[in-house]
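The block underneath contains the structure these notes are about, expressed in structure tokens.
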Amino acid sequence: MTREQAYERVNKVFRDIFDDESIIVIDTTTADNIEDWDSLEHINLIVALEEEFGMKFTMGEVIGMYNVGEAVDIITARATR
Amino acid sequence: MDISKELRKQIFLTAYSGGVGHLASAFSAVEILQMLYIDRVMKFNAENPDWDERDYFILSKGHGSLVLYATLAQVGFFPKAELYKFCQPDGILGGEPNTLEVPGVEASTGSLGHGLGIGIGIALALKSYCRSNFVYVLVGDGECQEGSIWEAVMSGAAFGLDNLTVIIDHNRIQKMDFVEKTMGAARHVRFGGGQIALGEQFRSFGWQVKSCDGHDTTALRETLTGEWQPDKPRCVIAETVKGKGLSLMENNPAWHWRMPSKKELKTFCAELNITQEELDECKRRI
Amino acid sequence: MQKAYIKTLYDIMSADKRVCSLLSDSGTDYDLLMARDFPAQCFNFGIAEQNKVAVASGMAKMGKIPFVYTTDVFLAYRAYEFIRDDVCFQRRNVKVMGMGMGMGMGSWSTLGPSHHSTEALAALRALPSLTLLCAATPLELTRLVRFVYETNGPVYLRFGMSAEEELFGEDYKFELGKPIMLLNSGTDVTIFVTGTVAAPAYHAAKKLRDNGIAIRLYNMPTLKPIDDAAILDALSSSKYAFTVEEHSLQGGLGGAIAEILAEAGEEVPLKRLGLDNCFAKGYGTTADVRKLNGLDTDGIYNQIVNHINGGKTK
């Protein structure tokens, strides 16, 4: 799976979680760029990404994640779907 | 607009005005307090909160304060305007109820497992004064994991306090997870967790136990005012749903202490038919 | 600070299978993920704080290193005797982690006194063999969690919940018992602070400095054992000493400093800032409630200036 393919599906997950069709996330996108992306939404986002790509993040990865690029690195490495 | 919907709307706007609140814990107990106060199963006098012929209600699960406040305001213990100063510096209503500041609050609670002991003290005193007032204590099902609850349950039976009724808000969810998955008996033996037999536990301690639909005010009233034996305290297991009344919240542990995001707020307002004006009004600072 | 705590604990648990996290329905979503990653090291005992401290004592006896984590008030008050008899008296290697110290739960303080741990130090300071620490910022907390893991014996570490201002840099160095310099513009006035109220105390100190008052501000992560000599040294040639804490004036940091001064015959007049024989008033944001109780930046600043202008000097 290429990064572009991953981003297509990642964007879909973000738009659904934040109910905002205009969202476009890139490597450097962080919680500050998206309203409502606080610690509570963080977990829902993680679980949604895990279901979309059929993989699991470790807690260490989740709590250390600063931007979307870091998530996509892990997704492209471990996605099973 | 039926009363329970109005109470739920009032609860949400109260929390929204302060920007914080244990909504789901309050929504699960609406009909219980509606039955006690608005259907007047309890004797009380809102103009004279200290009336000595009143029955006593203690919210042992203090974080459910929003439902107590909305109900007390509805029957006139204090002006409804106070609701919109919830959790604010100039208000008297905090996340946990304070008996010294809020008319109609019989005991300050917040740390779990205290309210039942306080209720037993009141019931004992009433017996000693030969007065026939009743004491009602609302306890959470997760709260029954505190040892102090069982010290109180033991003493209630030992003193034969038939003027005391514990109502368990049996919504099956606590802060992190479902009660059964947290501390269900034989939790490890069967992954699904054992059925918590709260009723059996109270019965084994010498209490009379009945259960009913915790969202049906008629069933609740008939259970409370029905046939009970003397010399034994009473326990009513109210089968409830945490977050009842808001689809997003119902049966979802994530909603223990959380306010809706922008997206979720739309659904909340639709389901409770709250208008934008009402949202703005409760935020307006006088 | 919750995130700083769980991030540090995660790294420790990854490396050391003896380390366990004991919750009492007190975890966050991150704890749920941690339990997924380390099922054999994560335990939730339900809303039963007394029980889980006794359990921790039994586990520590068997070589485990339990981190017992919940809201500070439920440990310091409700489980106090279990900490005393099962952890301190039996010298068990149990790490008691009290979250939400003082009046605030992160940026909010809406639950009132039932959730304010404003007498915890007085209760805990007297416990023999207990190391008692308070973290002021996330970075300090990560260092203190490492310290308590590496140090054998009973320890109680109190910290905030979220939204704390960071006051330290990577050069932060923790030494048990020692005060840590936060600001230095001279020796006339020496201020000691502990815990998350260090941020408003820091801004008050800057305001004092900018108004020409020669002051030193020290953060005190250790409440027990305090290095008396280090305190007396920090106070040298001061005309006034102040302590600031989200705590009763009795038995906390103020009490500890007063004991040291009196026994040393040191004549620096001490003024303790905190809660004067009262439960904290009010609800709102943590800043609101600090303001209502005189422990926001301006409240601290004004109390210090008024006291100095009051004229009682050495």
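Labels below follow one simple rule: chain letters A, B, ... track the order of the sequence lines, proteins then strands, and each chain is numbered from 1.
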_Heavy-atom closest contact (C/D37 atom, A/M59 atom, distance)_ =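 Of all heavy-atom pairs spanning C/D37 and A/M59, the closest is OD2-N, 2.5 Å.
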_Would you compute the distance between atom OH of C/Y5 and atom CD1 of A/I63 and round it to the nearest 0.5 angstrom?_
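Going from OH on C/Y5 over to CD1 on A/I63, the span is 11.5 Å.
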_A/I46 CD1 to C/D29 CG distance, which is reported to the nearest 0.5 Å_ =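 It comes to 11.0 Å.
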_Using a 4.5 angstrom heavy-atom cutoff, name the option from C/I6, C/T28, C/D11 with the most pairs to chain A._
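Of C/I6, C/T28, C/D11, C/I6 has the most heavy-atom pairs under 4.5 Å with chain A.
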_Under 4.5 Å from any heavy atom of chain A, what part of C/L32 do you find: side chain, backbone, both or neither?_
neither
_Is it the case that atom NZ in C/K61 sees more than 12 heavy atoms from other parts of the structure closer than 6.0 Å?_
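No - once you tally the heavy atoms of other residues, nucleotides and ligands closer than 6.0 Å, there are 12 at most.
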*Could you tell me whether C/E150 atom CD has more than 12 heavy atoms of other residues or ligands within 6.0 Å of it?*
yes
_Are C/Y10 and A/T58 packed together at the side-chain level, in the sense that at least one heavy-atom pair is separated by less than 4.5 angstrom?_
yes
*Using non-hydrogen atoms only, which part of A/E50 is less than 4.5 Å away from chain C: side chain, backbone, both, or neither?*
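The answer is the side chain of A/E50.
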